[in-house]
Amino acid sequence: MIGDWIPSLLGGLGVSLKLTALSLGLGLPLGLLLALGAASTRRGLRAVVIGLVELGRGTPALVMLQIVYFGLPAGGLTFSAFISAGISLALTTGAYTSEIIRGGLQAVPQGELEASSALGINHRDTLRFIVIPQGLRVALPALLGFSITIFQATSLVYSIAVPELLGKAYSIGSETFQYLSVLFLAGLMYAAITIPGSWLSGRVEHRLSRHV
Amino acid sequence: MISLWTAIWIVPTLVCNRIQFDPDFPPEVPVSETKHLPGQTDRPSESAGAVRLTSLVKRFGDHVVVNDVSMDVAAGEVVAIIGPSGAGKSTLLRCINLLERPDSGIVDVAGIQFDAATPVSGKDLARLRRHVGMVFQSFNLFPHLTVLRNVALPQERVLGISRTEAEEKAIRLLDRVGLKDKAKQYPGRCSGGQQQRIAIARALALGPQIMLFDEPTSALDPELGLEVLAVMRELAAEGMTMAVVTHEMHFARDVSDHLVVMADGAILEEGDPDRIFTDPEQPRTRQFLRAVLDR
């Protein structure tokens, strides 16, 4: 019985992982862009970016999902459920990680920026070679932690019928009425990813603390 | 993990090439049209490598840190700037490469003239920074790059030379400051004295005509300070134009050609170091020298 569920649930887990990868792949670069905008010296740009970030962080992930899936088609933009899920989680990821990354960028000591400036290295190169590499390194453990959270948040997209892990478990439950067992099994599968993930992020934090 | 790193790295790197961002940077000079104002001062510019500061004023809020200071550094000359804390020595030095933007006055460096009243173009600023190397009290090496990359990267980005060429030159310079064997290490694994010598090599790699030293040994214990001072003495002996803010009185007396004593944002007196050390004109200078020499 449980053996019959496993292939279906693993398929759902695969979808959850793909969705996580899509959300992070789009969301982390977005987070970096927003972080750079929020740290800009141009006041107008900074205000707009910080406003967007606060809006993004203030909107629950489930609401963001509904806006993209049900709201955007009204504006003529229709995506598949999977793509809608990816876009909405990417937006949430971007908003949250931008604050994490901004903290990392601002942890780069002022003296290094002065030295870079005194050497005649321009702003863009200073960002590219000095600030961003170090800032991301500082932010990496927190970003890994957030990645685990977003993996768990993919369970929300069962509400728009994406066949991910929770969706699969739910449909098995509705056929067999063994909700407890199948949801417990799904929970174990989430944990099988998140627990090693947390351990990895702890390791990374430990390793990175050696250099910078 | 590698793919995650790649994902978070590649896109911003690409984007960074297209979009102009400003991080919260040290105050930069606004970029606008260049205005060279030769002949604005009645004193003509000397040969390349010289610094001439005219009536420089720098305020932080209401506090006047540098108050109407004029100072020359001739090509090949070593000028030491000494004085009590808060005298404005470092601020004055930082005005030379416009890390601090003076509120009024004229900075004339290596034949490029900057008037405080006129905005400086990014191009002129880049030219100025190429002519002037700076060494900081806190070294300010880039901790995520190896020693070799610390010295090579600025050459690649500022001079536009190839990585191979830059690294060869970096090795030569590291050898010169006695740290060739540290090339593959990270700065964090080097002592303070070694880090400061690396910082000197990093600045020299860009071929500056003038070197500014802002209390280069103040963060070092005395023994490590000596190895930095030795490099600086060598540099002076080779004829590098240098302006050095320092609390190292022996260095100031032995190595400098010209001594400037500052207090309260102004120059108390200046001239031959031996003369000032043996027979200062100003009572304030005498008081300061007694305090630092009698310890």
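Each chain gets a letter, A, B and so on, in the order its sequence line appears, and its residues count up from 1.
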Taking side chain as everything from C-beta outward and backbone as N, CA, C, O, which of these in L128(B) sits under 4.5 Å from a heavy atom of chain A? Side chain, backbone, both or neither.
neither

Can you tell me how far apart CZ (F142(B)) and CD1 (I121(A)) are? Round to the nearest 0.5 Å.
5.0 Å

Return yes when atom CZ of F60(B) has more than 12 non-hydrogen atoms of other residues, nucleotides or ligands closer than 6.0 Å, and no otherwise.
yes

Dump the intermediate steps for side-chain contact (heavy atoms from CB on, under 4.5 Å) on L153(B) and D125(A), then the final yes or no.
CA-CA 10 Å; L153(B) 178 73; D125(A) 283 348; over 6 Å; no

Spacing of L119(A) atom CG and N97(B) atom CG [to the nearest 0.5 Å]:
10.0 Å

How about CZ on R57(A), more than 12 heavy atoms from neighbouring residues, nucleotides or ligands closer than 6.0 Å, or not?
yes

Taking the side chain from R129(B) and the backbone from S117(A), do they hold a donor-acceptor pair closer than 3.5 Å?
yes

Between R149(B) and chain A, which part of the residue has a heavy atom less than 4.5 Å away: side chain, backbone, both or neither?
neither

Of all residues at least two apart in sequence or in a different chain, which pass the ring-ring contact (aromatic ring centres under 6.0 Å, His included) check with Y190(A)?
F151(A)

Could you grab the distance from atom NE2 of H144(B) to atom CD1 of I132(A), nearest 0.5 Å is fine?
10.5 Å

Okay, V135(B) and chain A: the region with an atom under 4.5 Å from a heavy atom over there is neither

Comparing G111(A), P109(A), A118(A), G120(A) against chain B, the one with the most heavy-atom pairs below 4.5 Å turns out to be A118(A)

Which portion of F136(B) sits near chain A, non-hydrogen atoms under 4.5 angstrom:
side chain

